[in-house]
Number of protein chains: 2
Amino acid sequence: MRDVARLAGVGTKTVSRVINAEPNVSAATLARVNDAIAHLNYEPDIHAGSLRRRGGVTRTIGLLVGSVANPFAGSIHRAVEDRAIERGFAVFASSLDEDPSRERNAVSAFIRRRVDGVILTRASSSQAYLLPEIERGLPMVFVDRPAAGIDTDSVLSDNVEGAALATRHLIDRGHQRIAFLGDRADIWTAGQRREGFLREIGQAGISTRETAIVENLEDETTASEAVLALLRREQPPTAIFSSQNLITIGAIRALRVLELQRRVALVGFDDLPMADLLEPGISVVSQNPSGIGDAAARQLFARLDGDRGPIRKIVVPTQFIARGSGEILPPA
Amino acid sequence: MRDVARLAGVGTKTVSRVINAEPNVSAATLARVNDAIAHLNYEPDIHAGSLRRRGGVTRTIGLLVGSVANPFAGSIHRAVEDRAIERGFAVFASSLDEDPSRERNAVSAFIRRRVDGVILTRASSSQAYLLPEIERGLPMVFVDRPAAGIDTDSVLSDNVEGAALATRHLIDRGHQRIAFLGDRADIWTAGQRREGFLREIGQAGISTRETAIVENLEDETTASEAVLALLRREQPPTAIFSSQNLITIGAIRALRVLELQRRVALVGFDDLPMADLLEPGISVVSQNPSGIGDAAARQLFARLDGDRGPIRKIVVPTQFIARGSGEILPPA
DNA sequence: TTGAAAGCGCTAACAA
DNA sequence: TTGTTAGCGCTTTCAA
């Protein structure tokens with residue numbers, strides 16, 4: 001910046017005015033400074049500026065998602081980026097991997113870099129450690145799962161309703177023996193989806209002895225093995241509700257192995273790429289990840305703009321997509 | 001930091017020593033300072049530190065990919081993050097969208113935030129604008145596509161060989177009328193894959209009048225329409241090589257519409273999720289995005305560690321995966 | 001319209 | 001082992 005000032009024959013404050021598009025710079029000076037900037041390939045240091053700037057804003061936000069390699073997270077990320085870029089904000093992205101220590105480290109990394117706000121998914125069981133940051137006024141929006149131990153803005157899918165919708169869909173087609181497949185029971189969304197499932201089973205007056213609840217499925221392989229075991233029982237389920245992406249893929253594989261994909265109904269929670277190209281197509285309850293990301297970013301920026309309104313809990317609706325696998329009827 | 005120093009009854013330099021795990025702090029002082037840090041929930045400002053620190057490192061890198069919503073980019077991103085996190089680095093991620101102005105803006109956003117290095121995919125036709133940054137010593141690795149107009153480290157898939165492999169696979173099965181489907185011809189990878197295709201066609205002595213080259217397919221829909229048109233010709237192709245992901249999906253849809261998915265061979269460039277669950281399974285040349293990200297991050301960190309060796313062009317091999325669609329024989 | 005001086009939170013250099 | 005002073009690149013404050 002000193003070099004630019006010297007080259008343009010002005011003081012550093014004038015260069016500062018030009019960079020920040022402040023008023024009270026004559027056209028001639030403006031041109032001279034801009035020439036000097038171009039000539040020296042000068043890029044101002046945002047963080048040096050934020051040090052003294054009132055509010056200390058860095059035009060940077062932090063985003064913590066399940067894993068940046070996961071398409072669900074990718075869609076959230078993209079929506080957040082699109083909102084951020086409009087305002088000249090940059091986005092730090094980190095992956096959580098269901099690991100509480102990664103959560104803490106990521107948040108700390110964001111804070112040490114003085115982000116203006118954060119959009120977070122949680123893995124640990126309490127976010128009380130964020131209390132001091134809230135008091136300091138760090139805007140914070142939770143996505144996919146609500147914070148525990150603190151009250152913050154959040155943007156969530158309607159997990160209970162989505163699961164209930166899928167379950168009702170199967171019950172309406174006459175299924176009574178319906179299996180529930182869930183991932184790690186300590187994950188908040190897993191519990192919510194289980195709740196929706198059980199609610200509908202109860203309302204339909206189906207005995208819980210008829211339903212199989214299989215939880216803590218970690219990946220495709222364990223899910224596939226669990227489904228193979230289920231279907232080899234004496235009274236196998238006539239329908240399956242799989243409450244997570246990878247588990248649904250495992251279930252599809254198991255059904256194929258037994259050649260039952262046209263005889264046993266299957267509905268998955270969360271959409272799958274090319275699900276409509278399989279035979280039968282896979283019926284799902286789809287979430288709206290870019291809607292979640294968009295809402296979260298809007299809420300965060302509203303807070304950054306000074307919105308001091310009450311905490312908002314935004315629920316993004318899910319949608320049932322019938323493609324065939326969920327419309328299979330129970331054997332007569 | 002002043003508050004911490006005061007509370008611990010030491011000077012700020014001592015706090016600085018503790019934060020940075022520098023030697024020459026007595027155990028007693030260390031404990032007092034750490035207590036004060038915990039008590040005040042103090043998190044040091046990395047950027048304020050970097051201002052004065054020699055080298056000015058911020059432990060931050062910038063990553064620019066096609067789109068963070070794209071699974072290919074997601075895998076690269078995740079691999080980069082895994083290497084970065086080991087060293088306490090944070091990652092800025094941005095999407096390119098094949099838009100030269102987004103490229104410039106993203107790079108500028110990174111530089112203004114004083115990243116220590118960048119991993120970039122390009123959209124614009126020349127990266128000569130980065131010359132000053134190179135001279136200033138900003139480490140830089142290009143992924144997926146090489147930089148143009150400057151000489152930098154890069155990590156690329158073997159696009160020409162991969163496309164040649166796919167083409168040879170089809171020729172070896174007796175196909176003569178093979179169609180090439182490509183995306184925007186100005187995209188570097190598109191040209192490379194076309195080159196590999198044409199090389200094998202030429203070596204097999206197949207007349208180019210027998211092959212159909214359809215380029216500038218923008219998405220699934222245009223690809224699907226193009227394939228429908230191709231297959232309705234008098235002399236339709238007996239095999240299709242689709243050189244990009246979304247185009248392959250469009251081709252699959254078109255083949256299904258005409259019920260030709262078991263009669264016309266199809267090989268795609270880039271793997272598709274659940275490609276093995278379709279009927280027939282989709283044969284592909286798969287890239288190794290996490291291998292690309294890993295190699296790029298390793299190279300970048302080697303440069304950050306002071307490696308001043310010659311520019312490296314790393315090629316990550318592709319792999320042919322036979323699943324059925326590519327093994328369909330031409331009609332007798 | 002412009003610039004000089006002070007200071008943001010931290011580390012380098014040096015002195016104690 | 002510890003602290004003091006200066007200064008990183010910028011913005012604020014205030015005077016010219």
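None of the values given here were measured: they were computed from a predicted structure. Atom set for the values below is all heavy atoms of this structure, side chains included, hydrogens, waters and symmetry mates excluded.
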- request: Give me the one residue out of B/K313, B/R312, B/R303 that meets side chain to side chain donor-acceptor pair (under 3.5 Å) with B/D153.
  value: B/R303
- prompt: Do B/L51 and A/D45 come close enough that some side-chain heavy atom pair is under 4.5 Å?
  reply: yes
For DNA chain D, the residues among residues 23-43 of chain A that have a non-hydrogen atom under 4.0 Å from it: A/Y42
Between C1' of D/dT12 and CZ of A/R17, the distance in whole Å: 11 Å
field: 4.5 Å side-chain heavy-atom contact, A/T58 and A/R113
entry: no
query: In whole angstrom, what separates B/M1's CE from C/dC8's P?
result: 13 Å
task: Could you give me the CA-CA distance, side-chain angles and deciding distance for B/D97 and A/R78, then say whether salt bridge (Lys or Arg N to Asp or Glu O under 4.0 Å) is met?
output: CA-CA 11 Å; B/D97 267 1; A/R78 182 56 203 259; 2.6 Å; yes
Sugar-phosphate, base or nothing in reach of B/V15, heavy atoms under 4.0 Å: nothing
query: Does the side chain of B/T14 get closer than 4.0 angstrom to OP1 or OP2 of D/dT2 through an N or O atom?
result: no
message: Within 45 degrees of the ring normal and closer than 6.0 Å to the centroid, is that where the cationic atom of A/R83 sits relative to A/F301?
response: no
query: So does A/D35 pair up with A/R32, basic N to acidic O under 4.0 Å?
result: no
field: Out of D/dC10, C/dA12, D/dT12, whichever nucleotide has its closest atom nearest the side chain of B/E22
entry: C/dA12
- prompt: Please give, in whole Å, the distance from C/dT2 C1' to A/I19 CD1?
  reply: 16 Å
- prompt: Which residues in residues 46-56 of chain A have at least one heavy atom lying under 4.0 Å from any atom of DNA chain D?
  reply: A/A48, A/G49, A/L51, A/R52, A/R53, A/R54
task: Specify the separation, in whole Å, of atom CZ of B/R136 and atom P of D/dG9.
output: 12 Å
- request: Using only side-chain N and O atoms of A/S16, determine if any of them is under 4.0 Å from OP1 or OP2 of D/dC10.
  value: no
Any donor-acceptor N or O pair under 3.5 Å, side chains B/D99, B/S101: yes
task: Grab the CZ-P distance between B/R59 and C/dT11 for me, whole Å please.
output: 12 Å
message: Quick check for you: among C/dT11, D/dC8, D/dT12, whose closest atom lies nearest to any side-chain atom of B/T12?
response: C/dT11
- prompt: To the nearest Å, how far apart are A/R114 CZ and C/dC8 C1'?
  reply: 12 Å
query: Hey, are B/D305 and B/R87 close enough for a salt bridge, meaning a charged N less than 4.0 Å from a carboxylate O?
result: yes
task: Taking atom types as modelled, find out whether A/S124 and A/R104 have a side-chain donor-acceptor pair closer than 3.5 angstrom.
output: no
query: Nearest-Å distance, CZ (A/R2) to P (D/dC10)?
result: 10 Å
Rounded interatomic separation in angstrom, taking NZ from B/K13 and P from D/dT1: 14 Å
